[in-house]
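Okay, so here's the structure we're looking at.
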Number of protein chains: 2
Amino acid sequence: MSPKIFSPEEKDAREQEMLDCARDIIKADGEVGLTIDKLVKKLPYSKGTVYNHFTSKEDILMALCHRHMTQMAELYVRALSFEGTSREKALAVHVGSLLQAKAHPDDFMMAITVKTAGCHDKASDARMQAHQHIEGKILTPIFNLFRTAYENNELTLPEGMAVEQLAFSSWSIDFGTQILLMGENRGCGLRTQLIVERELVNSINLLHDGMLWKPLAKDYDWKASIQRMKTEVFAKEMAIIKAAGIEMTV
Amino acid sequence: MSPKIFSPEEKDAREQEMLDCARDIIKADGEVGLTIDKLVKKLPYSKGTVYNHFTSKEDILMALCHRHMTQMAELYVRALSFEGTSREKALAVHVGSLLQAKAHPDDFMMAITVKTAGCHDKASDARMQAHQHIEGKILTPIFNLFRTAYENNELTLPEGMAVEQLAFSSWSIDFGTQILLMGENRGCGLRTQLIVERELVNSINLLHDGMLWKPLAKDYDWKASIQRMKTEVFAKEMAIIKAAGIEMTV
DNA sequence: ACCTGAACACCGTTCAAGT
DNA sequence: ACCTGAACACCGTTCAAGT
């Protein structure tokens, strides 16, 4: 028999097929439930073929995270297209970030895993390069928002700080709030009274007030803005959340 | 032979011995390097005896995390004893948090692992209860600081927010900053110009300014305060950091 | 050139056998 | 009553054998 030769398109299609399967397993059995044996059993390929596409299990997780980040980049562009002040656009980014995490909790957990564990070491170099590229794609439009707001005198830059650092502050409080309140915080004592949607918005409002980003939180109806965001730019995410029956308080 | 019976003190001493050993392995080989086989080989006990003290590997990690949290509680009390305004005390808490993480990076990583993975499910119930207890011990004095500052009109509470929520905002940005910038951020593109010490202080200053916590960042010399904290309340941590040759920029 | 799956090394957990 | 370690189940990775 003449050996079959695959085109790059065929290879990529198969890779996507494998990733789809991995995603399904994680959705069903959680991240720890993802096993190469299980993956291969569900796939019309052998272990060797899977390892021909990915250098390790972590490489698979990285590739899945890569997809997730691409989705986030698209979501943030949508958030920034929200009709409103620069501060409202910034708020929209965080509301979008939260809705995405609510709609796809597994993806959010995966983003943490990839940051935490020794995934960086075990993933292929090509995969890591792709990550840097997509991270830039995510951050650049956000940096631009902060820069424009600064140039228009809508926010104040503390001495010694750059706009990138302001944007990073927002990113930190967003990520920190979601990690601390997402997932299994069932009855963890003092945290029961905290609701992720409310705390995230509160924290972002405080932080942006600290930047003197006009209008200050007390000077505009940000609750109304959020409602408008949900229908005007995040209808897709809201539909998924509603369909999944996830509670929402904001 | 008459079977040996151990007193609770002996049992606890042995448990601490096991935890010390686990801590050493993690310090040497990282968190993934911790193996029951390795642990038992280094210990004068068998696998069965280890499993008599801990329900699972995750239970061991939880117990280690428990120790770490106890240390944090003690450190925060020290931070709050810093001579200064309420805002300076709050800043001291975060400076302490950072110095602790710098001095004991493994402990910090472990705190994340425990929050991320399915540790909650596999740890024993007793262990989980102990966690709630120690978490309360950590947070209560911090809540009190915020409450006192509020009662003294040193900070402004946005309408609809409680002091606990303000404290939680600070916790979130602290945790988020450290996760995003600690560990393997080697050359990750846009993050290279970000330094964890600087960003954490900048972010906390912005957030506390948003609370209108007097004195505002621009109205006092917080850099001098930080220097004073290092010598007056965090000498121990600074010594460890210096001894380990870890770079510090603040 | 590419795929296959048996084989390997390793790891967490258990439990029948000991004392 | 408590300890022991062989045995088990499982999992990521490799690679000689195939086509």
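All figures in this text were calculated on a predicted structure; none of them were measured in a lab. Sequence lines set the chain letters: A, B, ... in the order given, protein chains first and strands last, and positions in each chain run from 1.
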### Sequence-distant partners of A:F234, ring-ring contact (aromatic ring centres under 6.0 Å, His included), two or more places apart
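In terms of ring-ring contact (aromatic ring centres under 6.0 Å, His included), with neighbours along the sequence ignored, A:F234 is linked to no residue.
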Using atom [atom1] of [X] as one end and atom [atom2] of [N] as the other, report the distance to the nearest whole Å.
{"X": "B:I60", "N": "C:dG12", "atom1": "CD1", "atom2": "C1'", "answer": "10 Å"}
{"X": "A:H53", "N": "D:dT14", "atom1": "NE2", "atom2": "P", "answer": "16 Å"}
{"X": "B:D37", "N": "C:dA9", "atom1": "CG", "atom2": "P", "answer": "15 Å"}
{"X": "B:K122", "N": "C:dC11", "atom1": "NZ", "atom2": "P", "answer": "15 Å"}
{"X": "B:N52", "N": "C:dT14", "atom1": "CG", "atom2": "C1'", "answer": "13 Å"}
{"X": "A:M18", "N": "D:dG12", "atom1": "CE", "atom2": "P", "answer": "15 Å"}
{"X": "A:I36", "N": "C:dC10", "atom1": "CD1", "atom2": "C1'", "answer": "16 Å"}
{"X": "B:L39", "N": "D:dT4", "atom1": "CG", "atom2": "C1'", "answer": "16 Å"}

Over all strands shown, is [X] touching base, sugar-phosphate only, or nothing at heavy-atom distances under 4.0 angstrom?
{"X": "B:L34", "answer": "sugar-phosphate"}
{"X": "B:K38", "answer": "nothing"}
{"X": "B:K47", "answer": "base"}

### Task
Validate the cation-pi geometry between A:K115 and A:F175: distance from NZ or CZ to the six-membered ring centre under 6.0 Å, angle to the ring axis within 45°.
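Cation-pi check for A:K115 and A:F175: passes.
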### Query
Does OP1 or OP2 of D:dC2 have a side-chain N or O of B:T49 closer than 4.0 Å?
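So the side chain of B:T49 is outside the cut-off, no N or O lying under 4.0 Å from OP1 or OP2 of D:dC2.
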### Query
Taking only side-chain nitrogens and oxygens of A:R14, does any of them come within less than 4.0 Å of OP1 or OP2 of C:dC2?
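No.
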### Nucleotide of C:dG12, D:dG5, D:dT13 approaching B:Y51 most closely (side-chain heavy atoms)
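So the nucleotide nearest the side chain must be C:dG12.
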### Message
Among C:dC11, D:dC3, D:dC11, which nucleotide has an atom closest to any side-chain atom of B:T35?
### Response
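When the side chain of B:T35 is considered, C:dC11 is the closest of C:dC11, D:dC3, D:dC11.
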#### Entry: Lys/Arg-Asp/Glu bridge criterion (N-O < 4.0 Å) met for A:R67, A:D107
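No.
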### Message
Are there over 12 heavy-atom neighbours, none belonging to B:K137, within less than 6.0 Å of that residue's NZ?
### Response
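12 or below, so no.
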### Task
Kindly determine whether A:D20 and A:Q16 satisfy side-chain hydrogen bond (donor to acceptor under 3.5 Å, both in side chains), including the steps that lead there.
CA-CA 6 Å; A:D20 284 338; A:Q16 295 304 321; over 6 Å; no
### Query
How far apart are the C-alpha atoms of B:S172 and A:E199, what are their side-chain angles, what is the distance that settles it, and do they pass the side-chain hydrogen bond (donor to acceptor under 3.5 Å, both in side chains) test?
CA-CA 10 Å; B:S172 297; A:E199 305 319 324; over 6 Å; no
### Message
Assess the residue pair A:E74 and A:R78 against the criterion (salt bridge (Lys or Arg N to Asp or Glu O under 4.0 Å)); give the C-alpha distance rounded to whole Å, side-chain angles, the decisive distance to 0.1 Å, and a yes or no.
### Response
CA-CA 6 Å; A:E74 186 270 339; A:R78 224 175 338 125; 3.2 Å; yes
### Query
If each of B:K11 and A:T55 is mapped to the nucleotide of DNA chain D with the nearest heavy atom, which maps nearer the 5' terminus, i.e. the 5' end?
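The residue mapped nearer the 5' terminus is B:K11.
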#### Entry: Dot-bracket line, read 5' to 3' along DNA chain D, where crossing pairs take [ ] and | marks a partner on another strand, Watson-Crick or G-U under 3.5 Å
||.|||||...|||||.||
